2 protein chains.
Amino acid sequence: MAAGKKTTATEKPGKSRQETRREEIIKAAAPVFFEHGFAGTSIDDIIAKVGGSKRTIYSEFGSKEGLFAAIVTDNARHALAALAPEAMAGRNLDATLLEFARELNRVQMSPTVLALYRLVVAEGVRFPELAKLFYDSGPGLASARLSQVLKEFLERGDIALDDPDGAADEFVGMIRDNRHLKTVLGLMSRPSAEDTEQRAQTAVRIFLDGVRPRR
Amino acid sequence: MAAGKKTTATEKPGKSRQETRREEIIKAAAPVFFEHGFAGTSIDDIIAKVGGSKRTIYSEFGSKEGLFAAIVTDNARHALAALAPEAMAGRNLDATLLEFARELNRVQMSPTVLALYRLVVAEGVRFPELAKLFYDSGPGLASARLSQVLKEFLERGDIALDDPDGAADEFVGMIRDNRHLKTVLGLMSRPSAEDTEQRAQTAVRIFLDGVRPRR
DNA sequence: GTCTATATTGCGATAGAC
DNA sequence: GTCTATCGCAATATAGAC
């Protein structure tokens, strides 16, 4: 009766059957959580989507919370991979920040991450571990990486500031601006690529040089 | 048998019995929605808090949604009224921005606005009118006001930028930074007054002059 | 399929405003 | 005293849980 899709395994040579199954479950469960919220989703809802046995879910993820945590970390890992410091090595300040702004924007405006954001903001107070996991593997990690980058440029004398951690937080905030909020609230569809590029450039420009004219 | 509280009416001379009752209900119901979310709150929960009859709620607000909407609009109106005053006239650029940063920070870090933020982000997709109302009377209004201010300074030549609206959004984003998010997620209690002041100053400094050393 | 929870409504009784 | 808002309680409807 279940879905007839036989994607069972042995198709991706690099992955064990367990890994494949794990990914199938995560991929199928995520939209269910997104639609009904954490509390509003039952393991049975997920079984109804992905098929198989509850037993598999519990042995792989331990609990409903464990499954959700896996969804968060999995998405964060995929999404933020491009923000790795290595990806920015050997570039100058402007190019590094611009690339960071683009990547962060791309990540946080993706439908999946937007849905995660809504979900975690909604349930964060009730499930502090989930909130912490989301923050640490998403916005917090982004900020920490940027801070590290800023410190390197600081040592070289390319920039001057008192509080690199604070500045990193504020740059991340610039990227997560009112357009992000409007999109989160469903008031706006995703901005165009040109608009996004334009705003990334503006953010970098402001962060580096400010709006006060130099003379 | 009923609760002995006789707050009946005739205490606020300017308000009709109906108005008084309406406000009592909103005041009592708001924390319930804030704590349990829209779906997690039942009319009976609210009656248990405020007393009286369900019928009153339905004749006044029409439905649970109507009550929810009234709570959001009422709280938004009260909490965000502080963004209205023009304490910014006739000052120079630095002082104006600093005052704006302080004020916006104070508003958006208040417990009520934080609770509203969580609630509206959670339910925004389901209640687009509420999302729009919250945005327009909060972050959107702040951004619009700032944009107007920026345009004035732009005309005077005090600043140089291409896109005042975009820059305003980004400044608002700097104020709603990762500390705001951590607080929304319950990962952090409200930052101290000194920390807040420090960060407001940093944001203004970065926005005006950037982090690149002037030479 | 039964059972529970909960949104919504109906209506007679009561209490406060004028 | 009349009028209206509110109360109290019960009934209906329905969706989801078990």
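What you see is a predicted model; the values in this text were computed from it and never measured. The sequence lines fix the lettering, A, B, ..., with proteins before strands; numbering per chain opens at 1. Quick note: numbers below take in every heavy atom, side chains included, and nothing from hydrogens, waters or symmetry partners.
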Hey, could you give me the CG/CZ distance between B:L98 and B:R205, rounded to the nearest 0.5 Å?
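Here the interatomic distance stands at 10.5 Å.
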With [X] via salt bridge (Lys or Arg N to Asp or Glu O under 4.0 Å) - residues at least two apart:
{"X": "B:D195", "value": "B:R179"}
{"X": "A:D44", "value": "A:K54"}
{"X": "B:E60", "value": "B:R22"}
{"X": "A:E197", "value": "A:R102"}

How does each nucleotide of nucleotides 3-9 of chain C score, in 5' to 3' order, for protein heavy atoms under 4.0 Å: base (B), sugar-phosphate only (S), or none (-)?
----SBB
Would you indicate, yes or no, if D:dC7 has its OP1 or OP2 atom less than 4.0 angstrom from a side-chain nitrogen or oxygen of B:T56?
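Answer yes for this pair, as a side-chain N or O of B:T56 is under 4.0 Å from OP1 or OP2.
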Measure the distance from [atom1] on [X] to [atom2] on [N] and round it to the nearest whole Å.
{"X": "B:I57", "N": "D:dT6", "atom1": "CD1", "atom2": "P", "value": "11 Å"}
{"X": "B:Q18", "N": "C:dG16", "atom1": "CD", "atom2": "P", "value": "17 Å"}
{"X": "B:I47", "N": "D:dC9", "atom1": "CD1", "atom2": "P", "value": "12 Å"}
{"X": "B:F61", "N": "D:dT6", "atom1": "CZ", "atom2": "C1'", "value": "13 Å"}
{"X": "B:R17", "N": "D:dC7", "atom1": "CZ", "atom2": "P", "value": "8 Å"}

Applying side-chain hydrogen bond (donor to acceptor under 3.5 Å, both in side chains) as the test, list every pair that has at least one member in residues 131-141 of chain A; sequence neighbours left out.
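Qualifying pairs, neighbours excluded: A:K132-A:D136.
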